[in-house]
Amino acid sequence: MVGDVFVAPLEVAYPYKRTVGTLLSRFFTSLSECRLEGTRGSDGRVYFPPAEFDPVTGAQLTEWVSLSDTGTVSTWAWQSTPVEGQPLSHPFAWALITIDGADVPMLHAVDAGSLENIAIGTKVKVRWAQDRPGGVTDIACFDVVGGVS
Amino acid sequence: MALRDIAIVGTAQRPSEVNSTFTSVEILLPVIQQLLDKVGIERSDIGFWCHGSCDYMSGQPFSFVAAVDAIGAWPPIIESHVEADGAFALYEAWVKIQTGEVDVALVFSNGKSTSGPIDQILSLQTDPYMVAPLKPGFDALAALQARACLEAGVVTERQMAEVAARSRRDAHNNTIAFTKGNESVDDLLAMPYTLNPLRAHDCATPVDGCNAVVLAAGDVARRLAERPAWIRGIDHRIDTQRLGARSMIESSSAAIAAQKAGVAKDRIDVAELHAPYTHQELLLRNAMGLSESTHINPSGGALVANPAMAAGLARFAEAAESIFAGAADRVLAHCTSGPMLQQNLVCVMEGE
């Protein structure tokens, strides 16, 4: 008897907000304003995304560096069958990208169209997301500079 | 303080399967009973129990607590759990025995890798702000590492296929293994890419499985096993979690762990490496300085059966069994964790 069955909704959620701290707050704000900012490490190398603490020495990093929205692919892999929630729903390249002015590469997606259009050394440029709430996905993906041939 | 002599004195593993409908308790209970029977001890002889598993795989916080039903908690026992591979539980048990509080420990691990999209689940270990929101699978991250290695000439696609061909062939001799094959290297190289530059055989086979080992100290170990596998060195090192800040073409943490564990002090007869991707086996061999005379992964390794959170402890079980059987005198067991060989645990064991 369906009418006798007790049904209660179950919504899995974290019903609280949290602060992301000083470094990520500044970083996410800059992304929502279409700007790229990194931090300089103890050895002078520039990290993008910014590092709060030096990965080698553990020192707190406080020097910010403004960067351009272009970069270079240092390694890549071809996602021929994207999974829901990934940056693109059609085949794309994952890449480690060193932003011009930075020294340490970041992970993101490149909308290369076909794997013939990407290689180590390929120049890429940020494609900003329409909706930018502040986060790494404010960068929708990267485009190959000069367009996809 | 002098270290106590501690050895693995017995092991048991459940044959790998996929889409298992059993609970963690149902798969662990017979394996633990089999191990106790093999070693000839009772539950009451175990001074410390340590478990490795991952709640994310069952999607339920504290689901590991249910597994205590497989070991029995009355009368009260001393037990612990690591949200990690059972190999790290073994490290904790080794430390516990070193304190002198207990002489015998039972370490167990289980993982049902096929009940969800394990490639995506494991990626939840990555940086929650910079990496995880992009949802890269572990295979994709490994593929980035493989491309860097290929371009730098550190590995070749042929060498990667050789690792796969050897592992699939050796799997025929292992009842625990899941993927078996007799393909030639050229056969494998003719297969299509799945996540270019990786092909399907370059990636480990996710399976459901579990295993358990008994550790014992000094004369207790000598009484429980004819030829205990004595732990001569064990060390765990971690590379930065910032993927771009690591070298893609070498494993610094594996090199340091191997050096601290004393790998280079003498010849290694058998090395059981936990390498979920073919190029990672090649990176690990380089990092640890293993020579051509070392027999790598006679079990077939994680490539042919990779129960998440149990595949590392399986390497310890396989390496110890080769000491028990007299097939090897000095062996290496290794476990990795995290994307792109982020963490590495290395252990050297010897027979007497």
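Everything numeric here is computed off the predicted structure, so don't read it as measured data. Note on naming: letters A, B, ... go to the chains in the order of the sequence lines (proteins, then strands), and numbering restarts at 1 for each one.
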Is a side-chain N or O of N297(B) found less than 3.5 angstrom from the main chain of L273(B), in a donor-acceptor match? yes
_Please check this pair: side chain of D85(B) against backbone of F88(B), looking for a donor-acceptor N/O pair closer than 3.5 Å._
no
Item checked: Ring-face cation of R147(B) near W76(A) (centre distance under 6.0 Å, axis angle within 45°) -> yes
In terms of heavy-atom pairs under 4.5 Å with chain B, the winner among A95(A), G135(A), A51(A) is A51(A)
When the 4.5 angstrom heavy-atom criterion is applied to Q241(B) and chain A, the contacting part is neither
D208(B) side chain to S20(B) backbone, donor-acceptor under 3.5 Å: yes
Ranking P133(B), P197(B), P136(B) by heavy-atom pairs under 4.5 Å to chain A gives rank one to P136(B)
Just by distance, do the side chain of Q79(A) and the backbone of T81(A) share a donor-acceptor pair under 3.5 Å?
yes
- Query: Under 6.0 Å between ring centres, would you say that holds for Y47(A) and F53(A)?
  - Reply: no
Honestly, the part of L141(B) sitting under 4.5 Å from a heavy atom of chain A is side chain
So, the part of L115(A) with a heavy atom under 4.5 Å from chain B: the answer is side chain
So, the part of L24(A) with a heavy atom under 4.5 Å from chain B: the answer is side chain
Comparing P55(A), P87(A), P82(A), P49(A) against chain B, the one with the most heavy-atom pairs below 4.5 Å turns out to be P49(A)
